[in-house]
Amino acid sequence: MINRREFLRLFLLGGIFSLFTKKVKAEKKPENKLKEAMFWKRLD
Amino acid sequence: MSKIVQCELCPNGCVLDINQVSRCRARINRDGVLYSRVYGKPCAVHVDPIEKKPFFHFLPGTTAFSIATAGCVLSCKFCQNWQISQASPEDTDTYDLPPDKVVKAAIAYECKSIAYTYTEPTAFYEYMYDTAVIAKKNGIRNTMHSCGYIKEKPLRKLSKYMDAADIDLKAFTEDFYARICSGSLRPVLNSLVVLKEQGVWLEITNLVIPTLNDDMKNIRGMCRWIRRNLGPDVPLHFSRFFPNYKLNNLPPTPLETLTEARKTAMDAGLKFVYVGNIRHEGESTFCPKCKKMLIERIGYFVKQNNITNGKCKFCNTSISGVWS
């Protein structure tokens, strides 16, 4: 078990450490490009 | 001008209004143009033994880079892969794997072939076709496990690049196809004849389901049709059924039924008849002339191979297949 003081110290250390780490940007998944089908016809 | 389209790929011939999705779930009408929704988006990618497809006379002991997308042109009540075959593409986790990357991956994993399998490759025809063209250029063979429910024109176009096909002949009655698969038998028989005529290496799989298609009279009729129309050298696999999907009320196929089906097929003149999904001597290949064991298999594993240059090592009889 860790006491409140130790928790606070770790919490702050983690916060400071995260400032120096590389940031990864969340990318939006590109929308699926549809491929035209090979065998079809238009009905008139 | 009308924006209603008709798909001409399989016998379902879906007629689709704008934004309607085909029965196979893999096609959509967008503003009067039919599109594939699954191109380059497989939901299953594995390296499998070729024996798993099953191909027993096609490059035995090699591996196949196997892919599938969501969707199927039939809706069989016994489907073993219903979680993906009866799913919409948006309901599956997919990989981003365009045709050139499939071929690169197959080469990287030292696979001799690519298998279009698990679901129904007709549903992802464009993806399969484009991949097959690139694979052929790179010396990788193409194989498919299909229900054969496809129109003749697209099948002939595909045949130029397809090296081997394992076709599910699910039963030999129109009634079974209509009631259990929501399809019909005739187009499947036609596909078998076209594939044979086009020089694609052909094997046939028949899943034997207790009470539904295990009547020996029908099995005999099916085997005679195969012999007459495709020849006695086409390997036939009788596969054991296990309760699944909508057919959970039936028992697994008894061993005796499979053994009897195999004997019936051999009596009808078929030379290579196998039994699958169960440990059985019918997993191995025997020389039709000297009766010695040529390829010993345990499951998907090839234990010994006594075929040299396509011939029986013991009596020099030619064995049909693609061996190298």
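Below, chains carry the letters A, B, ... as their sequence lines are ordered, and counting in each starts from 1.
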Checklist entry - Is any side-chain heavy atom of A/R42 closer than 4.5 Å to a side-chain heavy atom of B/V33? => result yes
Next on the checklist: If you apply the rule side-chain contact (heavy atoms from CB on, under 4.5 Å), what do you find for B/Y125 with A/M38, and how did you get there?
Outcome noted: CA-CA 8 Å; B/Y125 183 93; A/M38 287 168 79; 3.8 Å; yes
Checklist entry - Has B/K101 got more than 12 heavy atoms of other residues, nucleotides or ligands less than 6.0 Å from its NZ? => result no
Item to check | Min side-chain heavy-atom separation A/K41-B/V5 under 4.5 Å | outcome: no
Next on the checklist: Is B/Y127 in contact with chain A via its backbone, its side chain, both, or neither, using a 4.5 Å heavy-atom distance?
Outcome noted: neither
Item to check | Per-residue contact mode, B/V38 against chain A (heavy atom under 4.5 angstrom) | outcome: neither
Checklist entry - Considering only heavy atoms, which portion of B/Y39 lies under 4.5 Å from any heavy atom of chain A: side chain, backbone, both, or neither? => result side chain
Checklist entry - Counting only heavy atoms not in B/R186, do more than 12 sit closer than 6.0 Å to its CZ atom? => result no
Checklist entry - At what distance, to the nearest 0.5 angstrom, does CG of B/L155 lie from CZ of A/F39? => result 9.5 Å
Checklist entry - What part of B/K157 gets closer than 4.5 Å to chain A, counting heavy atoms only: side chain, backbone, both or neither? => result side chain
Item to check | Evaluation steps, side-chain contact (heavy atoms from CB on, under 4.5 Å), between B/R30 and A/L34 | outcome: CA-CA 10 Å; B/R30 281 276 165 87; A/L34 297 174; 3.3 Å; yes
Checklist outcome for this item: Turns out that what part of B/N29 lies under 4.5 Å from chain A's heavy atoms comes down to neither
Next on the checklist: Looking at B/K112, I'd like to know if its NZ atom is crowded, meaning that more than 12 non-hydrogen atoms belonging to other residues, nucleotides or ligands lie closer than 6.0 Å.
Outcome noted: no
Checklist entry - Minimum heavy-atom separation for A/A37 to B/R27, with atom names? => result CB-NH1, 3.5 Å
Checklist entry - Above 12 or not: heavy atoms from other molecules or residues under 6.0 Å from CG of A/N3? => result yes
Checklist outcome for this item: Correct closest heavy-atom pair for A/L43 and B/S2 would be O-OG, 2.6 Å
Next on the checklist: If we ignore hydrogens and angles and just use 3.5 Å, is the side chain of B/Q6 paired with the main-chain N or O of A/W40 as donor and acceptor?
Outcome noted: no
Next on the checklist: What part of B/I28 gets within 4.5 angstrom of chain A, counting heavy atoms only: side chain, backbone, both, or neither?
Outcome noted: side chain
